[in-house]
J.: 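Take a look at the following structure, please.
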Amino acid sequence: MGKRTRGERAGLSRTQVLDAALALVDREGAGALTMRRLGVELDVEAMTLYHYVPNKDALLDGLVERLFAEALPFADENAEADTDADTEAGSADWRALLRTYAVSLRQALLRHPGVLSFAASRPAVTPATLDAVEHGLAALTASGFPLGAAVHALNTLSLFVVGHTAAEAAQPTQAEAPGSPAWLAELDAARYPLLTEAARSGAGTDDAERFDFAINALVNGFGTALD
């Protein structure tokens, strides 16, 4: 069967195009993602794809949207901002919301590490991503954050999660690097007793533990904006 034409639209949707692009990036990395290659994956001419994403940048923005918008747990938090119930309970809720967002985003990025190569450099521009950010800002400002502090909090948390996850993804797995690292055997234990002990025992080396420690410190620190 030959490829279907742009006019036939191939029965695709933007979601299907983004799903195929994400699967390709997962499998072969961001460098493999071109409109021509994506067309092959979907069995359509590359020109057909421009009906759903106007250019390559829009395609990359769509992939960032998929990860960030789904990770932001703010979709329904905008509604009851002016009720009295939003005082004491609200100040606890924003911490839980930010922690949930950070954990969800890390998990999404670890599932799709190919997106890490461009996630931090693409600002929120698609309607779905902007909607999620808007709801996040609404949740924070309803809890007493000044708008500027709310923007800083979301941006800081997002950049930390992307950076931490990128470092995790770049590390060799246990299967690839069994045993102690070579530098540990050469470390002078008399000069570096604490480093030697940490490396030997694994203290402070667990990625998930470090991530939770840092997120808790960040989120608790954001609370100073309410003082």
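For the single chain, residues carry numbers from 1 onward in sequence order.
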J.: As an exercise, state the distance from OG1 of T15 to OH of Y52, rounded to the nearest 0.5 Å.
T.: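 Going from the OG1 atom of T15 to the OH atom of Y52 covers 11.0 Å.
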
J.: Looking at every heavy atom in both S121 and F118, which two are closest together, and how far apart are they?
T.: OG-O, 3.1 Å

J.: To the nearest 0.5 angstrom, please state how far the CZ atom of R200 sits from the OG1 atom of T205.
T.: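 R200 CZ to T205 OG1: 11.5 Å, rounded to 0.5 Å.
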
J.: Rounded to the nearest 0.5 Å, how far does CG of D93 lie from CG of L98?
T.: 11.0 Å

J.: Counting only heavy atoms not in R191, do more than 12 sit closer than 6.0 Å to its CZ atom?
T.: no

J.: Would you name the heavy atoms of G204 and E209 that are closest together and state the gap between them?
T.: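 Shortest heavy-atom contact: N-OE2, 4.3 Å.
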
J.: Are E168 and R106 packed together at the side-chain level, in the sense that at least one heavy-atom pair is separated by less than 4.5 angstrom?
T.: yes

J.: Hey, any chance V25 and L110 share a hydrophobic cluster, counting ILVMFWY side chains that come within less than 4.5 Å of each other, even indirectly?
T.: no

J.: Please lay out, stage by stage, how L130 and V125 fare under the test side-chain contact (heavy atoms from CB on, under 4.5 Å).
T.: CA-CA 6 Å; L130 292 171; V125 294; 5.5 Å; no

J.: Which heavy atom in A139 sits nearest to a heavy atom in L97, and how many Å separate them?
T.: CB-CD1, 4.1 Å

J.: Taking the side chain as every heavy atom from C-beta outward, state whether L137 and F145 have any atom pair closer than 4.5 Å.
T.: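 Not touching, per the 4.5 Å side-chain cut-off.
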
J.: Check step by step if salt bridge (Lys or Arg N to Asp or Glu O under 4.0 Å) holds for R36 and E41.
T.: CA-CA 9 Å; R36 184 183 299 275; E41 293 287 310; over 6 Å; no

J.: What I want to find out is whether R14 reaches E65 closely enough, with some N-O distance under 4.0 Å, to be called a salt bridge.
T.: yes

J.: Look at the side chain of T156 and the backbone N and O of A153, then say whether any donor-acceptor pair between them is shorter than 3.5 Å.
T.: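 Answer holds: no.
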
J.: Say you draw a straight line from NE2 of H135 to CG of L140; how long is it, rounded to the nearest 0.5 Å?
T.: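 CG of L140 is found 13.5 Å from NE2 of H135.
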
J.: Ignoring hydrogens, what is the shortest heavy-atom contact between T141 and A150? Give both atom names and the distance.
T.: CG2-CB, 4.1 Å

J.: For residues L194 and L187: do they belong to one hydrophobic cluster (side chain heavy atoms under 4.5 Å, members Ile, Leu, Val, Met, Phe, Trp, Tyr)?
T.: no

J.: Can you name the nearest heavy-atom pair linking L226 to S143, along with the distance?
T.: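 That would be CD2-O, 3.7 Å.
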
J.: Treating T165 as the side-chain partner and V162 as the backbone partner, does any N or O pair qualify as donor plus acceptor under 3.5 Å?
T.: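 Side chain of T165 to backbone of V162, a donor-acceptor pair under 3.5 Å: no, none is there.
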
J.: Distance from L38 atom CG to T48 atom OG1, nearest 0.5 Å?
T.: 10.5 Å

J.: Evaluate salt bridge (Lys or Arg N to Asp or Glu O under 4.0 Å) for R99 paired with D212, printing each intermediate quantity in order.
T.: CA-CA 9 Å; R99 289 191 184 99; D212 288 342; over 6 Å; no

J.: Can you tell if the side chain of I215 reaches within under 4.5 Å of the side chain of H164, non-hydrogen atoms only?
T.: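 They are not in side-chain contact.
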
J.: Would you say the side chain of F211 lies within less than 4.5 Å of the side chain of D206, judging by non-hydrogen atoms?
T.: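 No; the side chains remain at least 4.5 Å from each other.
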
J.: Identify the heavy atoms of A71 and S104 that sit nearest to each other, and give their distance.
T.: O-CB, 3.8 Å

J.: Are L59 and Y50 connected in the hydrophobic side-chain network, where two residues link if heavy atoms are under 4.5 Å apart?
T.: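 Hydrophobic grouping puts L59 with Y50.
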
J.: Does L33 form a side-chain contact (heavy atoms from CB on, under 4.5 Å) with E28? I'd like the steps, not just the answer.
T.: CA-CA 8 Å; L33 182 61; E28 300 183 31; over 6 Å; no

J.: Please examine the side chains of R66 and H112, heavy atoms only from C-beta on, and report whether any two atoms are closer than 4.5 Å.
T.: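 Side chain of H112 against side chain of R66, heavy atoms only: no contact under 4.5 Å found.
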
J.: How about V115 and L22: do any of their side-chain heavy atoms sit closer than 4.5 Å?
T.: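 With C-beta onward as the side chain, the pair touches.
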
J.: Is the closest side-chain heavy-atom distance between L42 and L12 below 4.5 Å?
T.: yes

J.: Decide yes or no for V53 and M35: does some side-chain heavy atom of the first lie under 4.5 Å from some side-chain heavy atom of the second?
T.: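 The answer is yes, as the side chains (C-beta and beyond) meet within the 4.5 Å cut-off.
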
J.: Begin from the C-alpha positions of T129 and V64 and carry the test side-chain contact (heavy atoms from CB on, under 4.5 Å) through to its verdict.
T.: CA-CA 8 Å; T129 314; V64 171; 5.6 Å; no

J.: Does the ring center of F222 lie less than 6.0 Å from the ring center of W94?
T.: no

J.: Which distance, rounded to the nearest 0.5 Å, do you find between the CG of D19 and the OG of S13?
T.: 7.5 Å

J.: Ring-plane angle category for F68 and Y101, please: parallel below 30°, perpendicular beyond 60°, tilted otherwise.
T.: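 Ring orientation of F68 relative to Y101: tilted.
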
J.: Closer than 4.0 angstrom, basic N to acidic O: yes or no for R111 and D26?
T.: no

